2 protein chains.
Amino acid sequence: MASPTPSANAFTQHDHAHCADTTLHKAEAVAAEKGVRLTPVRKRALEILLEEHRAMGAYEVLDRLAADGFGNQPPVAYRALEFLVENGLAHRVRRLNAFAACMRPGEEHAPVFLICRDCGEVAEAGADEVRQALLGAADRLGFHVERATVEALGLCPKCYQEAAQ
Amino acid sequence: MASPTPSANAFTQHDHAHCADTTLHKAEAVAAEKGVRLTPVRKRALEILLEEHRAMGAYEVLDRLAADGFGNQPPVAYRALEFLVENGLAHRVRRLNAFAACMRPGEEHAPVFLICRDCGEVAEAGADEVRQALLGAADRLGFHVERATVEALGLCPKCYQEAAQ
DNA sequence: GCAGAAATGTGATAAGGTAACATATCCGTG
DNA sequence: CACGGATATGTTACCTTATCACATTTCTGC
């Protein structure tokens with residue numbers, strides 16, 4: 001699989017600097033509202049994810065944090081990332097052993113990740129129907145869902161077209 | 001999280017020996033039909049998963065394989081497990097870094113895993129609506145889904161009741 | 001039987017993740 | 001403001017999970 005380009009999300013071009021900026025502000029608001037502390041490492045970790053605009057491994061984030069003067073041991077990255085995930089500011093993409101900034105912090109949503117196996121691009125899609133269906137299926141078995149992971153592997157529009165040629 | 005009991009699936013009691021046996025036969029039929037080889041290691045790996053009837057780590061499966069006279073290096077287990085997953089005879093449970101035998105080999109299905117965070121039990125639920133919803137959401141973005149991972153973490157009926165007390 | 005493909009065995013090592021503990025910082029309370 | 005508990009950070013060490021590379025064997029079609 002090729003290295004993911006940081007140039008698109010949901011498979012559409014857009015202004016990164018802008019969306020990263022507004023998302024960071026939303027994240028700060030969420031943290032304030034929840035009464036949790038978006039400390040320097042945590043904020044920087046989120047910024048890194050937002051800047052890169054792609055799924056990043058914990059060690060990759062760690063390298064960036066270390067370069068910025070923070071600790072260079074794994075727990076530094078894992079703790080910051082865990083905090084972000086716990087508070088809905090980032091997501092964990094299990095299939096990639098990676099993390100990505102949440103594009104809708106604060107909004108209640110069931111993140112669905114669409115991962116292109118060709119270009120590596122990861123898109124976060126909103127999909128309430130998926131969540132509803134999952135809750136329904138679980139409910140029929142008496143299972144009480146707390147968190148859900150929904151990830152699809154396949155081809156993004158661009159790579160699908162290219163593959164068809 | 002407590003160690004998962006091998007005594008239930010889909011949170012209901014049933015006859016293991018029987019279901020393991022019939023599932024193994026179905027798996028053999030699937031392999032024959034597909035023209036792929038269910039070699040000794042692969043078959044044994046599947047048997048192990050069926051016998052234990054729970055999600056098992058690759059190294060745990062490896063230990064069992066080694067005890068049965070197969071190689072004792074990681075690739076032995078990973079290759080066998082990969083084969084099983086590729087051919088729909090087992091599933092990978094990403095949240096647990098584990099593998100579980102498929103209970104419906106041959107049937108086209110979207111496996112949904114319900115993982116109890118208390119007792120560790122893992123149930124494979126059929127949930128076509130989930131798959132449909134996911135395909136629909138992906139389609140709206142022009143994404144072409146090939147494989148999907150759907151996993152829910154929460155409480156099984158038993159642990160939910162116990163927690164409520 | 002033979003050649004190519006598929007599968008296995010093995011050693012080595014990369015990548016991902018956590019436990020434990022010391023130190024520092026924050027923050028409410030007296 | 002000082003103090004004490006809770007929270008957060010830094011660091012060491014280590015464990016688990018997963019893959020690469022390459023030699024050897026086994027299968028399969030011809």
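So that the names make sense, note that chain A is the first sequence line, chain B the second, and so on, each numbered from 1. When reading the values below, keep in mind they use all heavy atoms of this one structure, side chains included, and skip hydrogens, waters and symmetry mates. Note that the structure is predicted; figures quoted are calculated from it, not measured.
When each of C:dC27, D:dC27, D:dT11 is scored by its nearest atom to the side-chain atoms of B:R37, the top-ranked nucleotide is D:dC27. Side chain of B:R42, nearest nucleotide from C:dT8, D:dT9, C:dG16: C:dT8. Closest contact between the side chain of B:V76 and the listed nucleotides D:dT9, C:dG9, C:dT8 involves C:dG9. Nearest nucleotide to the side chain of A:P75, out of C:dT10, C:dT18, C:dG16: C:dT18. Comparing atom distances between the B:Y78 side chain and each of D:dA18, D:dT11, C:dG16 picks out D:dA18 as nearest. If you check C:dG17, C:dA20, D:dA18 against the side chain of A:P74, the one that comes closest is C:dG17.
Here the two rings, on B:H91 and B:F113, have centers that are under 6.0 Å apart.
With hydrogens and angles left out, the side chain of B:Y59 and the base of D:dA18 share a donor-acceptor pair within 3.5 Å. Judged by atom type and distance alone, A:R79 does not reach the base of C:dG17 through any side-chain donor-acceptor pair under 3.5 Å.
Donor-acceptor pairing under 3.5 Å is recorded for the side chains of B:R95 and A:T149.
The interatomic distance linking B:L96 (CG) with C:dG16 (P) rounds to 19 Å, in whole Å. The interatomic distance linking A:E82 (CD) with C:dG17 (P) rounds to 12 Å, in whole Å. Counting to the nearest Å, the P atom of D:dT11 and the CG atom of A:N72 are 6 Å from each other. In this structure, A:L81 places its CG atom 11 Å from P of C:dT18, rounding to the nearest Å. Atom P of nucleotide C:dG9 and atom CG of B:D68 are separated by 12 Å, given to the nearest angstrom.
Comparing A:Q73 and B:V36, the nucleotide of DNA chain C nearest to each residue sits closer to the 5' end for B:V36.
Relative ring orientation between A:Y160 and B:H144 is described as parallel, the plane-to-plane angle staying below 30° on a 0-90° scale split at 30° and 60°.
Around atom NZ of B:K158, no more than 12 heavy atoms belonging to other residues, nucleotides or ligands sit under 6.0 Å away. Atom CD of A:Q161 has 12 or fewer heavy atoms from other residues, nucleotides or ligands within 6.0 Å.
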